[in-house]
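Residue numbers start from 1 in every chain, and the chains themselves are labelled A, B, ... in the order their sequence lines are given, proteins ahead of strands. The analysis underlying the following values was restricted to heavy atoms, covering all of them including side chains, and did not include hydrogens, waters or symmetry mates.
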2 protein chains.
Amino acid sequence: MELDERKITILKAIVANYLETGEPVGSRTISKYSDLNLSSATIRNEMADLEEMGYIVQPHTSAGRIPTDAGYRFYVDRLMEEKEEVEVTNGALLERVDRMEVLLKQVARVLASNTNYATMVTAPNYAKTVKFIQLSLVDSANLLAVIVVDGNIIKNQMIHLNVLLDNEDVLKFNILLNTFLQGASLEDINLEMIQEMKKQSGEYADILDHIFTGITDAIHEAQEVDIYTSGATNILKYPELGDIEKTTGLLEAFEDKEELSHMLEGTDDSENDSGIQIFIGEETPVQNMKDCSLVTATYQMPEGAKGKIGIIGPKRMDYKKVVSTLKNLTIELDDIFKKSREVTSDE
Amino acid sequence: MELDERKITILKAIVANYLETGEPVGSRTISKYSDLNLSSATIRNEMADLEEMGYIVQPHTSAGRIPTDAGYRFYVDRLMEEKEEVEVTNGALLERVDRMEVLLKQVARVLASNTNYATMVTAPNYAKTVKFIQLSLVDSANLLAVIVVDGNIIKNQMIHLNVLLDNEDVLKFNILLNTFLQGASLEDINLEMIQEMKKQSGEYADILDHIFTGITDAIHEAQEVDIYTSGATNILKYPELGDIEKTTGLLEAFEDKEELSHMLEGTDDSENDSGIQIFIGEETPVQNMKDCSLVTATYQMPEGAKGKIGIIGPKRMDYKKVVSTLKNLTIELDDIFKKSREVTSDE
DNA sequence: TATTAGCACTCAACTCTTTTGAGTGCTAAC
DNA sequence: GTTAGCACTCAAAAGAGTTGAGTGCTAATA
C-alpha cells in the first residue's frame, strides 16, 4: 500500500487534532476539519489503511484513532512545519546573570513555566584543563585550595593540616603546583606526575600527599556534570500518562540527577544541524519514560563547550512550540555567552 | 466529661490501630484488640464520648472512627512510648564523608529510604563572620574573590575587569580588604564601611566598586540557607492524601527550596530538650501541608551552629519510628562532627 | 473506479438501582 | 455499669440499562 498525498493530509489532520484535544479522532471530525471535502465514509477507508500501515491505532473498537509512535515520528519528521515567527518572550526570557549556576537554574525554571513540561539543563561540559590553582593559609590548621578550570568553573577544597606551615611554605607549594598543573587537562594528572612532584618537593612530600588528595577530590567533583531540573510537578498534569505507578516511576527517574545527566550526555547530536533531537515513546533512552517524549537541545559556548537542555512531556506534547522555544532559547544562550565573552575581552 | 483511664486506653488503641491499617476503626475491633474485655457496645458508648470531646471523628455515619488532629496530638504527647532500643542501622547509617554538602545530601537520601517519607535537611546556619578573604588574578581580565566565612563555608566570585591590574595592586587590595572585613559579621558590612574603604583606596576607588559588587553578591549567597531534599515521590505512596490537586500542591511546595528552608528555619526548638518537634495537620507552618504531618529535628555542630532535618508524611505516619530514627540520626551527626573536629585539631 | 449514503454493530462512559456489610445508636435486660 | 439485640445508616461494590460517538460493510451513485 502506498502513502499517497491524501493519506498524508489525513494523517497530519489526525495528529494535529489529537495533539490539541487529547481525544481519539473520529472520521467525521476529519471530514469536517480538513479541506479535503470528503465524506466520513471515505475518511474511514483511508483511516483503515493508515491503521494497517501502523501510523494510527484505535484504543478500542468503536473509538476514534490516535497516533502510534510511528505516527508521531512521521509527523515530527515530515509534517510539522515550525512556527517561524520569533517568540515574543525572546529577549525578556532571561535576565542577565553572572553566575553560570544561577543562569542555568533560571533557564530550567523559565522553560518549565513556559511550556508546562518538566525540564532539565546540564552545565556545559568542558574538556577541562586547569587554568589556575592556588593554596592559601586560612588559619594555622586549614589550607584552602582553589582550583579554576577552563570555563571559569571554580572548585574549593579545604585541607586540614596537622603540621604548621608558614606563608613562605605555601608560596613554594603554589609555585610547584602551578608549574606542573597549569594547562594540564584533568586526565593528564596521573600517578607519574604526582611522583615527579613529590620528588621535587623534598621535605614536604608528606604534606603534598595530603594536599593532593584534596586536589584530586576537587578535580573529580569538577568533572561531574551538574544538572538542574524544574517543573517536575508538571508531569502530574497529564493524566493520560496513566496510573500512579507510571507517574511515580517518572518522577523517580526525574529525581535521580545522576541518571538524568548521563542520559542527556548520552544523546548524540552530531548529525542534526539544529542540535535538536526528539525521542518519542520507546525511543527514549530511559525505560521509565517510555510513555513520554523527550526533546533535547544543545547549546554551545564560544570555547566550544556544550551543554544540553531537555524537556519531558507526554507523547502528545506541543512539538512545534517546544522546538521553537528551544531554538530561541539556545540562540539566546549563545548570545549571552558571546556577550559576556566580549566584555571580559580575550584571554 | 472526664478523660479517664479507660477512655485513654481506648483512644490509644484507636490511634495505634489506625496508624497501622489506615482504615477507620470500629468498636468491635477495639473490643477484641484491647485487653479491656469490654463488649463492643460499651466501647461504642466510650467512643461517642471521645468523639464529643473532639479526639476522634467518623468520616461518615456508619463508619468507624479516625483520630482528629487533637487525637493525634494527644497520642504523640502522652501515649506514644518511644522505641527505646537503638536502631540496628545506627553506625552503618552514614558513610563518613568530608564535604558537608555530600554528607547532608546523603542524610536526606538515607532518611527517605529508611522511612518512606519525604525528607529535607538544611545546612547548619552559622552566625557568619568573614574569616578570610582573598583576591587573585586568574588572568588579565578576571579577578577571583574567595571568601571563607565561619564554619569553613567557601564562596567564590569571578570579577570581570576592564582595567589592567598587576599582582602588586591585587596585594594592596587584599590587605585593605582583610583589614576591614576580617572578623566582621555579614551584617556589619554596610555602606559606611564601604565608603571608608573607598576613601582609603585612593586612585582605585572605581575598581573597588566593581569588586565590592562581587563580594556582596558572594556574601548574600553565603547567607542563603542550603537545603537538600529527597524522597519527594514517597508522597505519592499515600493516596489518603486525597486528590491529585493536593498532591501536586505538596510536591510543588517541596520543589520550592526557598520556602522550605524558611519554613524549617522558622521552627522554634528552644523549649524542647530533644530538639524534635511534631506538627500535625493544621499545625504545619505551610498551607499546602495541612493534610500532612511534619517532624523536625535539630542537629548541632561543636561550634554551636545548628541545622534542621525535616520529614513530611501523612498524618498517620509512624511517629514512633520517625522520632527514634531522627534521634539516632542527630546523635550520629553530632558524633561525626565531633570526630572531624578532633582530627582537625583546634582553631 | 472512486466516492458516498445508509445501516447494523460495538463499546466506553454514564446513570440509576440494588445489594452488601461494616458500623452505629438506642433500648431493655442483666 | 455493662451488654445483648435490633433497627438503622451509608459508602462501596455490583449490576442493569441508556447513550452516543465511532466503526465496518454494502449497495447505490457519479
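Between dT24(C) and Ser62(B), no contact under 4.0 Å exists linking OP1 or OP2 to a side-chain N or O. Using a 4.0 Å cut-off, some side-chain N or O of Thr42(B) falls inside it from OP1 or OP2 of dT3(D). Between Ser27(B) and dG23(C) there is no side-chain polar atom (N or O) within less than 4.0 angstrom of OP1 or OP2.
Side-chain N/O atoms of Ser293(B) and Tyr319(B) include a donor and acceptor closer than 3.5 Å. Looking at Lys308(A) and Thr267(A), their side chains do bring a donor and an acceptor atom within 3.5 Å of each other. A donor atom on one side chain and an acceptor atom on the other are found under 3.5 Å apart for Ser27(B) and Arg44(B). At a cut-off of 3.5 Å, with distance as the only test, a side-chain donor of Thr229(A) or Lys257(A) sits close to an acceptor on the other residue.
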Table of protein N/O atoms under 3.5 Å from nucleotides 25-30 of chain C N/O atoms:
{"residue": "dG25(C)", "atom": "OP1", "partner": "Arg65(B)", "partner atom": "NH2", "Å": "3.1"}
{"residue": "dG25(C)", "atom": "N7", "partner": "Arg44(B)", "partner atom": "NE", "Å": "3.0"}
{"residue": "dG25(C)", "atom": "O6", "partner": "Arg44(B)", "partner atom": "NH2", "Å": "3.1"}

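Atom CD1 in Ile66(A) sits roughly 13 Å away from atom P in dT23(D) (whole-Å rounding). Ile30(B) has its CD1 atom 13 Å from the C1' atom of dG23(C), to the nearest Å. Rounded to whole Å, atom C1' of dA2(C) lies 14 Å from atom CG of Leu36(A). We find that CG of Leu38(B) is positioned 10 Å from C1' of dT3(D), with the value rounded to whole Å. In this structure, the NE2 atom of His60(B) is 10 Å from the P atom of dC10(D), given to the nearest Å. In this structure, Leu50(B) places its CG atom 15 Å from C1' of dT24(C), rounding to the nearest Å. Look at NZ on Lys32(A): it is 16 Å from P on dT4(C), rounded to the nearest Å.
What you find for Tyr117(B) and Gly313(B) is that their closest heavy atoms are CD2-CA, 3.8 Å. Looking at every heavy atom in both residues, Ile278(B) comes nearest to Arg73(B) through O-NH2, 2.7 Å.
Listed by residue number, there are no residues of residues 3-23 of chain B with a heavy-atom contact under 4.0 Å to DNA chain C.
Along DNA chain D, the nucleotide closest to Glu46(B) and the one closest to Arg28(A) are compared, and the more 5′ of them pairs with Glu46(B).
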Derivation and outcome, side-chain contact (heavy atoms from CB on, under 4.5 Å), residues Thr298(A) and Thr330(A): CA-CA 7 Å; Thr298(A) 306; Thr330(A) 51; over 6 Å; no
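The existence of a salt bridge linking Lys246(B) and Asp291(B) is confirmed by a sub-4.0 Å separation between a basic side-chain nitrogen and an acidic carboxylate oxygen.
Residues satisfying the side-chain contact (heavy atoms from CB on, under 4.5 Å) criterion with Asn17(A), sequence neighbours excluded, are Thr21(A), Val25(A), Thr29(A), Tyr33(A).
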